[in-house]
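Here's the structure we're looking at; comments come further down.
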Amino acid sequence: MEACESIPYEKVECIANVIKPKLKAMPKLGVICGSGLGGLADMVTDKVCFPYSELPDFPVSTVAGHKGQFVAGHIGGKYVIVMQGRLHAYEGYSMAKATVPVRVMKLLGVETLIVTNAAGGLNQSYNVGDFMIIKDQINFPGFVGINPLKGPNDERFGPRFPSVSKAYNLEYRKLARQIAEELGYSQYLREGVYCSLGGPTYETVTECLFLRNAGADAVGMSTCPEVIVAAHASMKVFGLSLITNKSVMEYDSEKAANHEEVLETGKKQACLLLKFISTIITKMNV
Ligand code: HPA
């Protein structure tokens, strides 16, 4: 079990205080880019960048496909702050540390968080390249006591026992369905349950079968901890998974998940995905 490592409010405040004076407006909207989806940050205009390595005590992301900076500026007429490169527990960070950026965004004024990720499709009706609106999640490490909120609770962030059962905002999910239809994306659109494991290994066949039976439609190595921290801080969340590979559910299959395929699918669908997210941002009531 990981050590209890809650990060003091003052440390988070210190990071936010480095960023705040350089922003041109208050970002009410935060975006976290998943593997291979950093192109979202490239859409930002009028941008100011904050490399993680230049922020005090800030964890740096070490994964290919994750750049490692905050980018603030405009997308779709809104002033946003984008995490180009997220932090994962498998890089060696406690969940508390990996989710510090969400709290930094909260202190900068973010009220709505958009989380994106690359995920394996457990639901066998899903195709590679599909977009899945996340309607709920399974934070699998939570079953064994690994939770970003473990440790002393600071009420300035949120309550000791928060509910996360409605973390994925229904209005945003409806908006995304409507926009997908308008953009002609209906054939790619799914809505389902995302499950995160600790990684960095991809799942075994039996693990995939187990997760599917437990009600998950897609699996990845991120997002759930960030969404827990966001919900704790009363942020509204919209989540979108790009299905980058089909989970292997047959023991004798020759296929296996791999990071290259994940990045490749990200590249292929990037254009459509960027259009989708930027339209959602434009039409979000924030
Ligand atoms: N499993 C876990 N994480 C992932 C996958 C997967 O199949 N695809 C993209 N991220």
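Counting starts at 1 for both ligands and their atoms, following the listed order. The structure presented is a predicted model; accordingly, all values stated were derived computationally and were not measured.
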Q) Of all heavy-atom pairs between Tyr90 and Gly199, which one has the smallest distance, and what is that distance? A) CB-C, 3.8 Å
**Q.** Test: Glu182 and Lys283 ion pair at under 4.0 Å
**A.** yes
Q: Flag this pair as yes if the NZ/CZ of Arg103 is under 6.0 angstrom from the six-membered ring centre of Phe157 and inside a 45 degree cone about the axis; otherwise no.
A: yes
Q | Within the 4.0 Å heavy-atom sphere of ligand 1, strictly under, residues | A | Ala118, Ala119, Gly120, Tyr202, Glu203, Val219, Gly220, Met221, Thr244, Asn245, Val262
Q: Would you mind telling me which of Ser241, Ser222, Ser35 makes a side-chain hydrogen bond (donor to acceptor under 3.5 Å, both in side chains) with Asn117?
A: Ser241
Q. Among side-chain atoms of Thr99 and Tyr93, is any donor-acceptor pair under 3.5 angstrom?
A. no
Q.
Minimum heavy-atom separation for Arg173 and Ile134, please, with both atom names.
A. CD-O, 3.5 Å
